[in-house]
Asker: 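Have a look at this one before I ask anything.
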Amino acid sequence: MSRYNRHIILSEIGQEGQDKLSLAKVLVIGAGGLGCPVLQYLAAAGIGTLGIVDFDIVEESNLQRQILFGMSTLGENKALAAKERLEDINPTISITAFPERLTAINAVSLFNNYDIIVDGTDNFTTRYLINDASLITNKPLVYGAIYKFEGQVAVFNYQNGPSYRCIFPTPPEAGSVPNCSEVGVLGVLPGIIGSMQANEVLKLVLGLGNPLSGKLLCYNSLTTETITLTVHKSDIEISNVLDKKDSFQDNQEVFNCETNLSEISIENALLKENVQFIDVRETHEQPKVKVVNPTLIPLSELEQHFDKIDAEKDIIIFCQSGIRSKKAVALLHKNNIHNCYSLKEGALAILEHYNPN
Amino acid sequence: MNLKIKYFGMLTEVTQCHEETFLFSKSTVLDLLDILFSKYPLLKEKEFQVAQRQILVSRNTIISDTEIALLPPFAGG
């Protein structure tokens, strides 16, 4: 087949290697900044079976880096939109879209159907879930993560190698580490890191070179510096996960370490019928947002003022940029107030919605 | 011993630099962190791991190399 000619003429791959690619089954979780380049290269390379998990929809602010999407797919589910684009790139492979959230309930059965798992998500809740489910199902995990101008790549759970928990045993506190939607990211960075992830997947399938197992590669796009750290396996961290194998599905709350799952956009917040907006910024912070008539409770005083929260309503919490509001949601969750959401991009999103430029 | 310390990701926003060198005469990673925490109080609130000679090490490891890196987890994708 002429499609794969440039692979086949490589003596390291050949028809035999191409056949391995066509028999491989890879599950990519998150079709965002990282997932898009991963999926694009894996589909083009002829990975025979691809799964795509993403519950999110395509927004205009994604187009700066999420290269599988365009104006024609705005508002569509990312897994479905990616599948459609990839089928045009390579109609000879089988692609399944899962337009849903990855949860402790569906992760294990989903992972069981694939050989390799790729983490392209944007929050720690899902990253720890993916790591643990990969361990439990004994699947290699190709990990990538980004922050502003820097990225990390690694292969975990490969031939009894280290897992993500061997580096970072427990998830960071809610809201303590921002993601791309909060602090921004250079558009090409996920392209670079995602392409490195795709490269690791191809190496694993083809049995070529040295997989990035037991290593954590750190890349800085501004200095073009790369540093590869050695990661030692922690048997305790790994057995802690494997010990909970049988009750894994019941442990959903373990993964609620972060509140990304409770984020809401201003558009969706305003669709709710009975809402209370709460501004958790300090009283001196500008600009004021009177248009949604918020209750003013600075985050530092929230714990003393639960009485100001109307339990009958959906609670939309905002701050300046959407970081403190996540901490507030975590605090309310801890105190059994669950119908609350952190407003994406904070006060500025509200102002922009009511006064677009 | 003159240590060269590299900071990654959000840690550079606390330290306002990617790299610095300073004289260290104590023993373990924990001792080093004590010094860094008094220099950068906000660092204490950050999650990170420490590498020595490009190997991730535990907090009680004795510092025997001049090359140290502080690495936070990244969420973004």
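In this text, all values refer to a predicted model and were calculated from it rather than measured experimentally. Letters go in sequence order (proteins before strands), and every chain restarts at 1.
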Asker: Tell me, for B:Glu13 versus chain A, whether the close heavy atoms (under 4.5 Å) come from the side chain, the backbone, both or neither.
Answerer: side chain
Asker: Select one option (side chain, backbone, both, neither) describing which atoms of A:Pro37 are under 4.5 Å from chain B's heavy atoms.
Answerer: neither
Asker: A side-chain contact here means heavy atoms from C-beta on lying under 4.5 Å apart; do B:Gln54 and A:Thr230 qualify?
Answerer: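 No, too far: nothing below the 4.5 Å cut-off.
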Asker: Between B:Ala75 and A:Phe124, which heavy-atom pair has the shortest distance, and what is it?
Answerer: CB-CE1, 3.5 Å
Asker: Any heavy-atom pair between the side chains of B:Val57 and A:His232 that's under 4.5 Å?
Answerer: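 No; the side chains remain at least 4.5 Å from each other.
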Asker: Would you say the side chain of B:Pro72 lies within less than 4.5 Å of the side chain of A:Phe168, judging by non-hydrogen atoms?
Answerer: no
Asker: Can you tell me how far apart CZ (A:Phe149) and OG1 (B:Thr12) are? Round to the nearest 0.5 Å.
Answerer: 10.0 Å
Asker: Any non-hydrogen side-chain atom of A:Asp122 less than 4.5 Å from a side-chain atom of B:Phe74?
Answerer: no
Asker: Any side-chain heavy atom of B:Leu71 within less than 4.5 Å of one from A:Leu216?
Answerer: yes
Asker: With a 4.5 angstrom heavy-atom cut-off, which part of A:Glu225 approaches chain B: side chain, backbone, both or neither?
Answerer: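 Answer is side chain: those atoms of A:Glu225 sit under 4.5 Å from chain B.
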Asker: Enter the distance from B:Leu56:CG to A:Ile167:CD1 here, rounded to the nearest 0.5 Å.
Answerer: 6.0 Å
Asker: Between A:Glu150 and B:Gly9, is there a donor-acceptor pair closer than 3.5 Å when you use the side chain of the first and the backbone of the second?
Answerer: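 Yes.
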Asker: To the nearest 0.5 Å, tell me how far A:Ile227 CD1 sits from B:Glu67 CD.
Answerer: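 That separation rounds to 6.0 Å.
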Asker: Against chain A, work out which of B:Gln49, B:Glu47, B:Arg53 has the most heavy-atom pairs shorter than 4.5 Å and name it.
Answerer: B:Gln49
Asker: Any side-chain heavy atom of B:Phe8 sitting closer than 4.5 Å to one from A:Asn220?
Answerer: no
